[in-house]
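Have a look at the structure below, then the notes.
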Amino acid sequence: MGFAEQRFNVNLSILFTELPLLERPAAAAAAGFGAVELWWPWVDSPTPERSELDALRRAIEDAGVRLTGLNFYAGQLPGPDRGALSVPGEESARFRANIDVAADFAHSLGCGALNALYGNRVDGVDPAEQDALALENLVLAARAADRIGAVLLIEALNKPESPRYPLVSAPAAVGVVDRVNEATGLGNARFLMDLYHLSMNGEDLPSVIERYTPKTGHVQIADNPGRGAPGTGSLPLEELLDQLRKAGYDGWIGLEYKPGDRRGPESFEWLPRAARRTPRP
């Protein structure tokens, strides 16, 4: 099988960043891709002006690509933050203000997946208090996602790069998925399986795939070490994606890697152009 049997989208928050945001969808299309995903683009504003939202929507539509994934507001990302929804005070309020804005923007483009990063632990705050706040906010996010027919994604990051983030294993993230689904009864919370982050945590990736594919709503990849393109590290990504497909995963594979010195179209030379738009039957 291999890469040609997968459906790939390009994360425009980590790739094509040499271009202004509004030029990136067209660049992805020119490189042969038909789908893109994004972190929340306005790191300083959970509620940007309507004109900014409209401009990005037009850029995506005019490029002829699909938006298949979008993060809720997550604070300074890239930067020191790893989400806002479990952070008491202003950041939690900003996350809540963003929920319907992000959901409505996603809905306007037919996007069916919204990712909610949990947030770092805060000095002087009881972790149990943060977890209770997180569940409250994730319930709100799950209901907003359900309103537009989308899934809510919960992601595990890696401890070396995100030492204050509490969800640094597949079981930890899936545990939150289960608690959200139990609280809402909606069943639309799903695991975001990022193979790079899980490998950085030293997890047994074939075992994770075997155990958690039924609860997985999205997959992201980068090679390890280095978080570069497939083939720059030592992860057997083709084999792992084949295993995912055999286990029943039929969704998008998000390309969320650092291009290094090979920017623009050169950063995708590992993937034959004919495979970039090929949807699985």
Side-chain angles (χ1 to χ4, degrees), residues 13 37-50 52-53 56-57 67-77 81-122 125-157 162 164-168 172-194 215-218 220 251:
S13 298
E37 63 183 32
L38 281 163
W39 303 341
W40 184 248
W42 299 278
V43 296
D44 294 318
S45 177
T47 55
E49 295 293 329
R50 172 61 60 184
E52 295 182 82
L53 292 160
L56 180 56
R57 181 171 58 252
L67 181 68
T68 55
L70 177 69
N71 282 19
F72 287 108
Y73 170 79
Q76 297 293 315
L77 182 75
D81 298 331
R82 297 292 185 271
L85 63 91
S86 69
V87 180
E90 183 179 353
E91 282 299 271
S92 172
R94 287 161 73 86
F95 177 83
R96 291 192 184 200
N98 174 251
I99 289 175
D100 283 334
V101 176
D104 289 344
F105 181 78
H107 185 54
S108 73
L109 288 162
C111 174
L114 289 161
N115 184 28
L117 286 172
Y118 201 81
N120 289 329
R121 290 303 193 203
V122 178
V125 179
D126 186 345
E129 178 185 338
Q130 284 196 254
D131 292 340
L133 176 62
L135 183 58
E136 290 178 13
N137 284 333
L138 287 168
V139 165
L140 295 174
R143 289 173 178 159
D146 180 68
R147 172 173 62 81
I148 66 166
V151 297
L152 172 70
L153 299 172
I154 309 295
E155 182 175 8
L157 301 183
S162 303
R164 299 180 68 83
Y165 191 82
L167 308 184
V168 288
V174 171
V176 174
V177 167
D178 290 342
R179 287 192 288 276
V180 173
N181 284 333
E182 182 179 3
T184 65
L186 297 172
N188 70 329
R190 310 282 284 174
F191 176 42
L192 195 167
M193 184 188 293
D194 186 309
K215 294 186 177 184
T216 297
H218 186 44
Q220 292 174 332

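All residue numbers refer to positions in the sequence shown, counting from 1.
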Closest approach of [X] to [Y] (non-hydrogen atoms, all atoms of both residues):
X: L70; Y: P41; result: CD1-CD, 4.5 Å
X: L152; Y: A116; result: CD1-CB, 3.8 Å
X: R82; Y: Y165; result: O-CE1, 3.3 Å
X: Y118; Y: P166; result: CD2-CG, 3.5 Å
X: Q130; Y: N120; result: NE2-O, 3.0 Å
X: L192; Y: Q220; result: CD2-OE1, 3.5 Å

Less than 3.5 Å apart, which donor and acceptor atoms pair up between the side chains of residues 101-115 and the rest of the protein, not counting sequence neighbours?
residue, atom, partner, partner atom, Å
D104, OD1, R147, NH1, 3.1
D104, OD1, R147, NH2, 3.1
S108, OG, F105, O, 2.6
N115, ND2, N71, OD1, 3.2
N115, ND2, E155, OE1, 3.1

Pairwise distance [atom1]([X]) to [atom2]([Y]) - rounded to 0.5 angstrom:
X: D100; Y: F72; atom1: CG; atom2: CZ; answer: 8.5 Å
X: I154; Y: L167; atom1: CD1; atom2: CG; answer: 8.0 Å
X: E37; Y: L67; atom1: CD; atom2: CG; answer: 8.5 Å
X: M193; Y: H218; atom1: CE; atom2: NE2; answer: 12.0 Å
X: L157; Y: D194; atom1: CG; atom2: CG; answer: 7.5 Å
X: W40; Y: S13; atom1: CH2; atom2: OG; answer: 11.0 Å

Using the side chain to side chain donor-acceptor pair (under 3.5 Å) criterion, which residues pair with [X]? Sequence neighbours excluded.
X: R179; answer: none
X: E52; answer: W42
X: S92; answer: N137
X: E129; answer: none

- Message: According to salt bridge (charged side-chain N to carboxylate O under 4.0 Å, His left out), who are the partners of E90, at least two apart in sequence or on a separate chain?
- Response: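 Applying salt bridge (charged side-chain N to carboxylate O under 4.0 Å, His left out) to E90 gives R94.
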- Message: Do the side chains of D131 and R121 get close enough for a salt bridge, i.e. N-O under 4.0 angstrom?
- Response: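 Yes.
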- Message: For a side chain to side chain contact (heavy atoms under 4.5 Å, CB included) check, start with the C-alpha distance between D146 and T184, then their side-chain angles and the critical distance, and finish with the verdict.
- Response: CA-CA 10 Å; D146 180 68; T184 65; over 6 Å; no
- Apply the test side chain to side chain contact (heavy atoms under 4.5 Å, CB included) to residues D44 and Q76: give CA-CA distance (whole Å), side-chain angles for both, the deciding distance (0.1 Å), then the verdict. CA-CA 7 Å; D44 294 318; Q76 297 293 315; 2.9 Å; yes
- I99 and R143: side chain to side chain contact (heavy atoms under 4.5 Å, CB included), yes or no, with the steps? CA-CA 10 Å; I99 289 175; R143 289 173 178 159; over 6 Å; no
